[in-house]
Amino acid sequence: MRHDRRKFLMLTGTGLAAVSAGSLVQPNQATGQASATDTGNSGSWDTVRAAFDLSEDRIHMSAMLIASHPKPVRDAIEEHRRGLDADPVGYLERNDSRLTRAVRSAAAGYLDTHASLVALTDSTTMGLGLVYNGLRLRPGQEIITTDEDYYVTHESVRLATARSGADMRKIALFQNLDGVTAEEIVDRIAREIGPSTRALAVTWVHSSTGLKIPVARIAERLQEINAGRDEDDRVLLCVDGVHGFGTEDSDMPGLGCDFLMAGCHKWLFGPRGTGIIAASERGFSATRPTIPSFIDDSTFSAWINNEAPAGANDGARMTPGGFKAFEHRWALTQAFEFHDGMGKENVAARTHELAGALKEGLAGFTNVSLVTPQSPELSSGIVSFDVDGISPQQAVSALRERGIVASVAPYTRPHVRLTPSVRNTEAEIETVLSAVHSLVD
């Protein structure tokens, strides 16, 4: 995929045409002239790295946790912060509606969907809570989730089913992770779907093992299962997508899910405290809002007129109201532009390239057990492993002492995690491998 080099330099903030204060007021002015170049070469990735103010005394393999903001996002946050500090009411009144629409449009463009089908949240956790709590469930229906899902999915589903009288059921996605295939995952899920199953709650890329599940193939199988069902009995596919969002070259039509919930302050490098829900029309129709919206005019008008809100649920109605860290929310547009400037295809290829090199090196160590599948079909940017004779906590601590930021998967069975992203380099991969080798040498 080839992209406009001038726009790319503008978005990284390292070119002469860095995003200006004026472009925050007029976002469309930050568009370069056609001058294609391949952003996938090493020089361009150096430019990407230079957009971040990451300390040089350590290797940051922590994109899955919380992001450092690239320059255009930092600049946007600071510009909005100055405006709010100087004239909080006036700046909010002049900019909130327009800039919030711009964020939803940018998210929709990134996911190849319509802005009306995008809700804004504060995090993946908020998105999961809003979707599962909002599902129109009947007693006797069930939500199926998996043994491998994270706490926030399990707890959101538990709370939702406890309120509604529906049931929660966990299933295993595979017999052994070593040797798992996409076919096994899809077949296991399909076998477990029953007449009472209303929703399937899954995670795109698992934060424990780094397994990436075949969401699109699961959606295809569910389409077959749903073919003979009434609308209120169709199985809805709900995806915690945070560790595929910003790393994979996918969109809503390609995934085929009814809900995609993700935080934007991880792999997307967006402002901290931002997230999205993207949904199908069917998905939003099957849910109710939980928190009153400030951007859905029809709901507010209905309140003024002492009426029930008319019309279907959508992204505006599902966006929680309240006063926010507006400078962060509004700067989310620049995060999407930053990724668009790199190109989703390039980001995915680079992420897989670095993670693949890391996995290949770890797999060659006799005292290291690679947990994450090596196949790009079943993995993304998370690389999990175990070190013989050393607990994950000890291994992470030892790597931190060597200037390498790793983390421990917070599950019943923990693993060491390294998460290379487009901010990292081949040289850093080699340094990390050397450091891991020193733990067992």
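In this structure, CE on Met261 lies 13.5 Å from CE on Met126, to the nearest 0.5 angstrom. Separation of atoms CD (Glu56) and CD1 (Ile59) is listed at 10.5 Å; rounding is to 0.5 Å. Residue Asp258 holds its CG atom at 7.5 Å from CE of Met252, rounded to the nearest 0.5 Å. A distance of 11.0 Å separates CD1 in Ile382 from CG in Leu418, rounded to the nearest 0.5 Å. Taking OG1 of Thr145 as the start and NE2 of His154 as the end, the distance is 4.0 Å to the nearest 0.5 Å. Put simply, OG on Ser164 and CG on Leu159 are 10.5 Å apart, with the number rounded to the nearest 0.5 Å.
Proximity of a side-chain donor or acceptor of Arg198 to a complementary backbone N or O of Arg234 within less than 3.5 Å is detected. Using modelled atom types, no side-chain atom of Lys359 and backbone atom of Val383 make a donor-acceptor pair closer than 3.5 Å. Between the side chain of Thr419 and the main chain of Met61, a donor-acceptor pair closer than 3.5 Å is present. With hydrogens and angles ignored, the 3.5 Å screen pairs no side-chain donor or acceptor of Ser397 with any backbone N or O of Gln393. Proximity of a side-chain donor or acceptor of Thr319 to a complementary backbone N or O of Ser293 within less than 3.5 Å is not detected. A donor-acceptor contact shorter than 3.5 Å is absent between the side chain of Thr209 and the backbone of Val371. Looking only at distances, no side-chain donor or acceptor of Asn424 sits under 3.5 Å from a matching main-chain atom of Ile429. Between the Asn226 side chain and the Leu222 main chain, a donor and an acceptor come within less than 3.5 Å of each other.
Pairs passing the salt bridge (charged side-chain N to carboxylate O under 4.0 Å, His left out) check and including a residue from residues 299-321, sequence neighbours excluded, read Asp296-Arg317. Among residues at least two apart or in separate chains, salt bridge (charged side-chain N to carboxylate O under 4.0 Å, His left out) pairs with a member in residues 186-196 are Arg169-Glu192, Glu184-Arg188, Asp187-Arg221. The ring-ring contact (aromatic ring centres under 6.0 Å, His included) analysis of residues 102-127, with sequence neighbours excluded, yields the pairs Tyr110-Phe245, Tyr110-Phe336.
A donor-acceptor contact closer than 3.5 angstrom is absent between the side chains of His60 and Ser421. A donor-acceptor contact closer than 3.5 angstrom links the side chains of Thr247 and Ser380. With 3.5 Å as the limit, one finds a donor-acceptor pair spanning the side chains of Ser207 and Tyr411. Side-chain atoms of Asn313 and Thr287 include a donor-acceptor pair closer than 3.5 Å. No hydrogens or angles considered: a donor-acceptor pair under 3.5 Å links the side chains of Asp96 and Thr100.
Here Arg288 pairs with Arg136 under the side chain to side chain contact (heavy atoms under 4.5 Å, CB included) rule; sequence neighbours left out. Considering only residues two or more places apart in sequence or on other chains, Asp87 meets the side chain to side chain contact (heavy atoms under 4.5 Å, CB included) condition with Arg94.
Ala63 and Arg423 get closest at one heavy-atom pair: N-NH2, 3.6 Å. Closest of all the heavy-atom pairs between Ala108 and Ala115 is CB-N, 3.5 Å. The two residues Glu231 and Arg282 come nearest to each other via the heavy atoms OE2-NE, 2.6 Å. When all heavy atoms of Leu117 and Glu281 are compared, the pair lying nearest together is CD2-CG, 3.8 Å.
Aromatic ring pairs are classed by plane angle as parallel below 30°, tilted from 30° to 60° and perpendicular above 60°; the pair Trp303 and Phe300 is tilted. Using cut-offs of 30° and 60° on the angle between ring planes, the pair Tyr91 and Trp330 is tilted.
For the pair Glu327/Ile77, a side-chain contact is recorded, criterion being any heavy-atom separation below 4.5 Å from C-beta on. You'll find the side chain of His206 stays beyond 4.5 Å of the side chain of Ser384, heavy atoms only. Residues Leu354 and Arg350 have side chains in contact (heavy-atom distance under 4.5 Å, counting atoms from C-beta outward).
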Report, one line per pair, each donor and acceptor closer than 3.5 Å where one atom sits in a side chain of residues 266-278; sequence neighbours left out.
from: Lys266; atom 1: NZ; to: Met64; atom 2: O; distance (Å): 3.0
from: Lys266; atom 1: NZ; to: Leu65; atom 2: O; distance (Å): 2.7
from: Trp267; atom 1: NE1; to: His243; atom 2: ND1; distance (Å): 3.0
from: Arg272; atom 1: NH1; to: Ala67; atom 2: O; distance (Å): 2.7
from: Thr274; atom 1: OG1; to: Pro271; atom 2: O; distance (Å): 2.6

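Applying side chain to side chain contact (heavy atoms under 4.5 Å, CB included) to Leu128 and the options Val131, Thr125, Thr124 leaves one that passes, Thr124.
Counting non-hydrogen atoms of other residues, nucleotides and ligands closer than 6.0 Å to CD of Glu155 gives a total above 12. Annotation for Asn306: atom CG does not count as buried by contact number, only 12 or fewer foreign heavy atoms lying within 6.0 Å.
Using a cut-off of 4.0 Å between Lys/Arg side-chain N and Asp/Glu carboxylate O, Arg217 and Glu183 are scored as salt-bridged.
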